[in-house]
Structures are given as C-alpha cells and as structure tokens.
Amino acid sequence: MESMLGVVVAKYNYWLYVVLMMIGFYAMIGKRNLVKKLLGMNIFQTAIILFFVSMGAKRGGGIPILDKEAALAGAVKVAEVVNPLPHVLMLTAIVVSVSVTGVALAVMQRIYKEYGTLEEDEILDKIGRS
Amino acid sequence: MTSNLPLYVLAAPLLTAFVVNLAGRFWRGSVAILSLGALLFSTISAVLVLQQVLTHGTIHYTVGGWQAPWGIELVIDPLAALMLALISVVALLATFSALASARQELPGREHLFFTLYLILISGLLGLAVTGDAFNLYVLLEITSITTYCLIAMGKGRAPLASFNYIIMGTIGACFYLLGVGYLYMLTGSLNMADIQSILPGMYGSISVATAFAFLLVGVWIKMAFLPLHGWLPNAYTLAPSSTSVLIAPLMTKVAVFLMIRIIFSIFSPDYAFFQHVGVQHLIVWAAALAILIASGLALAQTDLKRMLSYIIVAEVGYMVGGVWLANTAAMTGAILHIVNDALMTLCLFLAASAIVYRLGDSKLASMKGLYRRMPLTMAAFTIGAFSMIGVPPTAGFFSKWYLILGGIEAGSWAWVYVAALLISSLVNAVLFFRIIEIAYFQGGGEHGHSAEMPRQEACAWQLSPLLLSAVALLAIGLAAGPLVEHLIIPALPAGF
C-alpha cells in the first residue's frame, strides 16, 4: 500500500491529468446538456495539453532561449533548459481545440434556433413528436 | 517542377479554397471553374507522382528545407501515392455532382461551401502523404473540423448529428494525440520513420502497448469501426447531398489507410500482429461482428442514404479485418478494397444524390417506378449495387475474393470473418434487390404510368460523374489481374 502511495506522490501531475481527463470524459458521455458536453470536451482537451506541457518540464530547468555562440560551442547543458518542443506542439493543439469549440458553439446556435433548447432529452422529445 | 510535385498536389486545393471564398462573392460562376481547375490539377499531379513512385521508388520530400527527423517530411511510398491518386480522382468526380446539389441545397452560399470542401480535400491528401505523427494529428483535425461544418450545413436535424460527431470525433483525435504523447515521451521523436527505428528496443514496455492502443482506438473512432460507429449513420444521412458524396467515399477509407500507416510505418507488423496473437484474433473477430451487426442494421433501414451509411460501417469491418488477418492475400484484398469501396460508395452516393436532386428525399418508398423515370441513374446505381454485393465482373467481387482467400489462409480461427463476409454479401444482395424491386416493378402498375412518370434524368453535372464511376467499377473489375499485379502488390507495406 505504501509503495502505491509512493507511485501516486512521485507522479502526482500525471494522476491529476488522469482525474481531469475522466471528469471531461464523463461530462462528454454522461451529461445530457449540450453546453455541459462541450465544457467536458474542453476539460478533456486541457488535460491532454497539460500532460504534454509537463512532459517537457525539468526540475530547475531554464527558459530555452539560448545564446547562439554558447550553443554552438556546446556550453549549453541540455539538463538545464526545458524541452520547448511539447509546448510548441500544444500551441497547435490549443488552436485546434479553440477551432473545434468555435465550430461546436456555432452548431449549437443552429440547434437552439431549430429546437429552442439545448437539453438533449427535450430535443429528442421534439424530434419524436414531429 | 517535378521535385515539388507532391506538395503541389496538396497546395492546389488549399490555396484555391481561399481564392474561391473571395472570387465567389463577386462572380458565382468562378466557384465551379476554380474548384474543378484546382482538383484537375491535383489529379494530374497525383497521377504523375504515382507514376514516378512506381518507377523510381519512394519519394521523401522535406517541407521548407528542415531535415527530418526535426522538420516535417512527406513520405510518398507506393501506397501513399495510390491513396493520393484515389482521393484526387474521387474528389474530382464528386465535385461535379456537389456543384449541382449545392446550387439547389445552399443557394447563395456555394462559395462558403466550396471553401470548406476544398480545405477538406487538401487535408485528406495531406493525411495520405505525411510522415510526421503530430502533423498527422493536425491534418486529421483539419479534415474533421471542415467535415463538422459541412455536415451542419444540412437541414433539420443535421446540426445535432454534427454536434454528436464533434464530440465523438474529438474523443478520437484526443486519443490519437495522447498516443503521440506517449511515443514522444518514449522516443523523443515525432517522425514516423525515426520512431520506428527507435522503438524496437522497447517493445516489451507496457507504455508502448498503451501508445499503440490509444492510436488505434483514435483512428477506429474516426473510421466508425462498429462499437464506435454511433456518429456515422446520422451524420452521413442528414448531411447535404453535396457533402455526403465527398465524405462518404473518402473519410472512412482514409482512416483505414491511417491504421495501416500506424501499424507499418510507426510500429512494425511483427509487433502489431504476431507478438500478441490473442489481440490479433480478437480484432478480426470484432471486425466479423462489426460486419454482421452493421449489415443487420442496414436491413432495418427505410431510407436509402441511411442504409448506405450502415453498409459503409460494414465495409469498414471488411477492411479492418483484412488488415489484421496479416497475410499477403488479405492485405492485397484490404488495399484493393480501399480503392474499390471508395469508388463503389462514390457511385452509390452519386446516385443517391441524383435521386435526392429529383425526388427531394431518399426514402425507399418514394423510389417507386424510378427505373422508368431515371433509367441511366438507376443503371449506374445497379452496377454500384452489384459491385457492393460482389457480383463477378464488377470490382467488388475481386477484393472480396482476396479477403476471403486471406481469411482461409489465416487458419481455422478466422472462419468467423469468412462467414461474416459471405453472410454480409447475401444481406447486401437482399438489400439491393429490395430497392431494385421497389424501383423497377412497383409503382403505377394499373394505370398508364408513362403519362405520370415522365422520363426525367438528373442533370448532366450529376449524371456524367455517376456514369464514369460506374464504368470505372466495371473497368477495374475487368482489369483486376493486371491492376493487382502492377498497382496493389507494389503498394503492399514492407514485410508482405
């Protein structure tokens, strides 16, 4: 039991993302309100973005903006700077997530105009009656 | 010129998309000219690339001068080149019909529609050639986001179907991204070839297995492999006809291609198929179940487009099963089936689009007497249907033949897959003969039908690509032998 706790504490950031991800996942699958589903989707994506960002982090790591001369001379120790690549990837992933959210919001507006509600049950009711 | 050719294939529709958006505002006619021009250019370039790859071998193209593994690399192996040609040809044919339907369904908004439409095509083309795992995620999302919008342009319940697709599609893309994250943590690389060369030392690790599982489930959601297919039928049925003629033939097939890419370019067939034989068997059995259930569901439908959507789900089962049977015959069958299925689905959806154009809906009940009203459309539809069933001279027969051969070769455990294929062919026969029965024999039997059923074909924009795709199905069927030898066998991934 103690070792299990050790595993959790040592990698607490990853456990946090797992929890966040499951919250998002639950909201996407389990909630009946479309806005809540969308919020769940955002939480889900954020968890993955955090996962990537923490992947590049190093204890005591500096900003990865290097002096060209020093870098060419080999005076930069890789252990002393944070790996910037995952962060850059996540810039792209954030753009993707923003665009998906934008599209989803626009689609939701059309749903609201059509049915006057964003509750899935009520929408399905209206579809069933028509 | 020739060295940049692969990039031109993708760049032409992408850049034209923005030009269409601007020019279409001032002059409606420019939309058709620009879209067709760009796609014709892509098609010609893609065919040239295919020819080049077949004679000189795989092309590695470095984008922007940043060398791989740091920069993004396009890898055009024979399979990718084949996909490039397939996607551009199907897109070009679909565009003729989409132009006509869009004018009817979305009057005044064609330029917006075709902006998204062209971006979607360049995304699909990009998926076929990219050699970078993260770039693949970005392109996957480009295709998905444009598809969400295109589906939501439909009437009535379409936005709701689109919203469900957004939720499911995002889960799929996020799973894929998570898998890429695992791989990056393990190898420190995003280039597929680089990852493949680093991974073998870690094949025992459970993290590699997790990454593999996330990547696979991600693309399975995108391709609507049966337990994950929930979003597809509604989305494809309710989408405007002009959208569904493009996404129905291409989206799922490209996702199947991505699965092949993941298995053969990121991992290795050894790892995927033979280290865990139980998993391999499980997936083939799941594919067999997918085929059976989806065919059963297709039987229950009363709407042509919805029925075709369920058939697509069943066809995905064919291809996933074929790939996971992991022998030469089945792999040949799976790749040939990607080509054939794209063309068969194109043919059937073009016919459905022409029917919707004239009748206003795609209910089976309203198709009575359609053979007299639209004889050419229905003739092409019949060829597409025969191909879907697998009647010999048509293309569908040969890929099914190879898939069944592969199933038999794989051993006794694969009997479920072979049985599912045969049963599904029977079900398809029942499905399509029911339609033929309704459209040929029913309707206006008692009173003079010639007066109330004037001959009224779809317009030439819709009819010509439809007839071309039907002819292509016959041609591929008749030329199946040389085609397999010169195009499919070289396209088989290394190791087969």
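Keep in mind the model is a prediction, meaning the values are calculated, not measured. Chain letters run A, B, ... following the sequence lines, proteins first and then strands; every chain starts at 1.
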Part of A:Met28 within contact of chain B (heavy atom distance under 4.5 Å): both

Would you confirm whether the ring centroid of B:Tyr148 sits within less than 6.0 angstrom of the ring centroid of B:Tyr165? yes

Can you tell whether the side chains of A:Asp121 and A:Arg32 come within less than 4.0 Å, N to carboxylate O? yes

Checked B:Ile142, B:Val138, B:Ile171 vs chain A; the most non-hydrogen pairs under 4.5 Å come from B:Ile171

May I ask you to name which of A:Ile111, A:Val103, A:Leu85, A:Val100 has the most heavy-atom pairs under 4.5 Å with chain B? A:Ile111

Are there over 12 heavy-atom neighbours, none belonging to B:Ile206, within less than 6.0 Å of that residue's CD1? no

Could you check whether any side-chain heavy atom of B:Leu160 comes within less than 4.5 Å of a side-chain heavy atom of A:Ile127, counting everything from C-beta outward? yes

Which residue out of A:Leu38, A:Leu89, A:Ile48 racks up the most heavy-atom pairs below 4.5 Å with chain B? A:Leu89

Among A:Ser99, A:Ala93, A:Pro86, who wins on heavy-atom pairs under 4.5 Å with chain B? A:Pro86

Using the six-membered ring wherever Trp is involved, compare the ring planes of B:Phe175 and A:Phe44 and label them parallel, tilted or perpendicular (cut-offs 30° and 60°). tilted

Donor-acceptor contact below 3.5 Å, side chain B:Thr130 vs main chain B:Leu127: no

Check whether B:Asn164 gets within reach of chain A through its side chain, its backbone, both or neither, counting any heavy atom under 4.5 Å. side chain

Could you tell me which portion of A:Glu120 (side chain, backbone, both or neither) has an atom closer than 4.5 angstrom to a non-hydrogen atom of chain B? side chain

Check whether A:Ile29 gets within reach of chain B through its side chain, its backbone, both or neither, counting any heavy atom under 4.5 Å. side chain

Pick from B:Gly188, B:Gly169, B:Gly156, B:Ala158 with the largest number of heavy-atom pairs that fall under 4.5 Å of chain A: B:Gly156

Would you mind checking which part of B:Leu190 comes under 4.5 Å of any heavy atom in chain A, side chain (CB onward), backbone (N, CA, C, O), both or neither? side chain

At a 4.5 Å cut-off on heavy atoms, which part of B:Phe134 comes close to chain A: side chain, backbone, both, or neither? side chain

Rounded distance [0.5 Å steps], CD1 in B:Ile266 versus CZ in B:Arg261: 9.0 Å

Between A:Tyr12 and A:Tyr17, does the ring centroid distance fall short of 6.0 Å? no

